[in-house]
Each structure stands twice: as structure tokens, then as C-alpha cells.
J.: 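This is the structure I have questions about; it appears just below.
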Amino acid sequence: LACALAPTPSLADEEGFTKIFNGTDLDGWQGGLDGYAVQDGAIISKPKGSGNLYTKQEYGDFHLKFEFKLTPGANNGIGIRTPLNVNAAYQGMEIQVLDDTAKKYANLKPYQYHGSIYGVVPAKRGHLKPVGQWNREEIICRGKQVSVILNGETIVDADIEQASTPKTIDGAAHPGLKREKGFICFCGHGARVEFRNLRIKELK
């Protein structure tokens, strides 16, 4: 059976969303600016010296939409509710961005694969498009509830308080789970990943 193309989101679906990347430069971003570049309307995480690239504004409860494209073996992450210049996976939360199909990642822990809340909640696997194709992703934070939607499939829908009680799945301290707001960042890990069409809606 032929697969129907997903319909283009209607304007009603996008109501209230604001672009957080202008498509031409890194105005509105801070941190590791030298580890990122803008090409063809996308933010590129450079293979060398990527580091963390942060929004200039903090966000608490929000609905973030974006597209990303991986290279073979790529590793990055979306830090949320994180302070500046820390390890977002622990001091905030990190939503994994990873090429799950790479052989070098065959033996990772379930909470390390794409879309997982690193160290806290494993994501459902099998919904990434082939490496080199654009993926659509949404991250929704409302209080303690965090959801990740990949290419239309909900791969995480978790209460982070419940998920970390009595302890987190990785056994490590994650004080960032108690934060109510913080910056959004790209957690570059020395691989080329492209991000585009970033837009956000603050939830009241």
C-alpha cells in the first residue's frame, strides 16, 4: 500500500508558535557560537568544538517543534530547562538526538537512545527516518509531564517525578528534574547534525 504524505500543518495547528531561529544567523542564541554555523536555513552542529548553544530566553512549560537531520553515528541532544554552562543531562534535562542505527551504539542503555530523557526515561525506538533524511520532532513540557513526538509517533510520555522515584533509572542524581524553567540548548557532541524550522509556544 502506498503511504500517504503527512498533511502540511494548518495555520490553526501553528497558532501561538514563535520562531526561535531566523534561518539566517545565530541572533537570539548564546554560548558555543563557534561550534555552530548556519547553512541553507539550518543550524549546523560542527564536528569539532560543537559544545552547547543556548537560547537567550528561558522557558518553563512549552511546546517545541523542529526538524533535524542526522549523519552516520551522529550524537547531539536538546537540553531543556537547563542553566547555562552545565551538563544539561543532569542540571536540566537532555532529550537525546542520536543515530540509533549506528553499530557503535548497539549496546547502549535504553535511556541513551534517540528521544529518551537521558538517564531518566527510555524512548520507544524504530521511528527515526533513515540517516540523511529530515525528521520532525516535538517536545512538550507541562509541569512534570514531558512528551516527545517523533515523526508523528509519541515515543516518550512521562511524569518525570514518578520516573525518578525512588531513584532515576541510571541511578545518578538529576537535580534538573526539579527545575521549573531554564534555557533550551543544543548539546553538541562532536558530530554534524542539522536543525531547522525551530518554533515554540509557551504554555500557560
Side-chain angles (χ1 to χ4, degrees), residues 20-26 28-55 64-139 148-151 153 155-156 170 172 174 176 182-199:
I20 55 172
F21 166 51
N22 62 21
T24 57
D25 58 36
L26 294 175
W29 295 80
Q30 61 181 326
L33 297 173
D34 58 345
Y36 294 80
V38 176
Q39 297 175 10
D40 300 323
I43 295 176
I44 311 293
S45 174
K46 297 179 183 178
K48 292 186 178 179
S50 355
N52 287 4
L53 181 69
Y54 300 87
T55 55
L64 173 69
K65 296 183 179 183
F66 61 96
E67 295 173 82
F68 68 94
K69 183 166 66 174
L70 299 170
T71 51
N75 181 12
N76 202 287
I78 307 292
I80 57 177
R81 292 182 182 165
T82 180
L84 296 173
N85 305 318
V86 297
N87 188 330
Y90 302 96
Q91 302 302 320
M93 288 179 273
E94 182 179 348
I95 309 300
Q96 278 285 79
V97 174
L98 192 80
D99 170 18
D100 286 354
T101 65
K103 288 183 179 179
K104 65 180 178 179
Y105 298 141
N107 297 313
L108 293 184
K109 302 292 186 184
Y111 56 76
Q112 294 178 301
Y113 286 105
H114 181 85
S116 299
I117 305 174
Y118 188 91
V120 182
V121 178
K124 286 197 294 186
R125 296 177 61 191
H127 298 285
L128 279 168
K129 292 186 177 179
V131 170
Q133 293 187 19
W134 285 101
N135 294 269
R136 291 177 293 115
E137 186 157 303
E138 302 176 44
I139 300 170
V148 180
I149 303 166
L150 175 63
N151 296 318
E153 182 73 22
I155 59 172
V156 167
D170 68 353
H174 286 262
F183 299 94
I184 293 172
C185 73
F186 298 119
C187 306
H189 299 304
R192 182 186 174 97
V193 180
E194 300 182 34
F195 300 93
R196 70 182 185 188
N197 292 334
L198 289 112
R199 57 250 196 242

J.: Is any side-chain heavy atom of Ile139 closer than 4.5 Å to a side-chain heavy atom of Ile184?
T.: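 They are not in contact (no side-chain heavy atoms under 4.5 Å apart), so the answer is no.
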
J.: Determine whether more than 12 heavy atoms belonging to other residues, nucleotides or ligands lie under 6.0 Å from atom NZ of Lys109.
T.: no

J.: What is the minimum heavy-atom distance between Ala106 and Tyr113, and which atoms define it?
T.: O-OH, 3.2 Å

J.: Look up atom CZ in Arg136 and atom CD1 in Ile149, then write down how far apart they are to the nearest 0.5 Å.
T.: 10.0 Å

J.: What's the shortest heavy-atom distance between Val86 and Asn52, and which atoms?
T.: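 It is O-ND2, 3.6 Å.
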
J.: Taking all atoms of both residues into account, what is the closest heavy-atom pair of Tyr54 and Thr82, and its distance?
T.: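 Reported closest heavy-atom pair: CE2-CG2, 4.1 Å.
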
J.: With rounding to the nearest 0.5 angstrom, report the CG to NE2 distance, Leu150 to His127.
T.: 7.5 Å

J.: For this output row, return yes or no: ring centroids of Phe186 and Trp29 closer than 6.0 angstrom.
T.: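 Ring centroids of Phe186 and Trp29 are less than 6.0 Å from each other.
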
J.: Using 0.5 Å steps for rounding, measure from the CG atom of Asp99 to the CG atom of Asn76.
T.: 12.5 Å

J.: Measure the OG1-CG distance between Thr55 and Leu64 for me, rounded to the nearest 0.5 Å.
T.: 9.5 Å

J.: Going by an N to O cut-off under 4.0 Å, is there a salt bridge joining Glu67 and Lys69?
T.: no

J.: Leu128 pairs by side-chain contact (heavy atoms from CB on, under 4.5 Å) with which of Asp100, Ile155, Thr101?
T.: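 Looking at Asp100, Ile155, Thr101, the match for Leu128 under the side-chain contact (heavy atoms from CB on, under 4.5 Å) is Asp100.
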
J.: Looking at Gly77 and Glu94, what are the two nearest heavy atoms and their distance?
T.: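 Reported closest heavy-atom pair: CA-OE2, 3.5 Å.
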
J.: For the pair Phe66 and Ile20, evaluate side-chain contact (heavy atoms from CB on, under 4.5 Å) and give the outcome as yes or no after the intermediate values.
T.: CA-CA 10 Å; Phe66 61 96; Ile20 55 172; over 6 Å; no

J.: Is the closest side-chain heavy-atom distance between Asp170 and Val120 below 4.5 Å?
T.: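 Answer no - side chains too far apart.
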
J.: Starting at CD of Gln96, measure out to CD of Gln112 and round the result to the nearest 0.5 Å.
T.: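 Between Gln96 CD and Gln112 CD, I get 7.0 Å after rounding to 0.5 Å.
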
J.: Angle between ring planes, Phe68 versus His114, binned at 30° and 60°: parallel, tilted or perpendicular?
T.: parallel

J.: Supply the atom-to-atom distance Asn75 CG to Leu70 CG, rounded to the nearest 0.5 angstrom.
T.: 9.5 Å

J.: For residues Ile95 and Glu137, report the shortest heavy-atom separation together with the two atoms involved.
T.: CG2-OE2, 4.1 Å

J.: Of all the heavy-atom pairs spanning Gly188 and Ser45, show the shortest one and how long it is.
T.: CA-OG, 4.1 Å

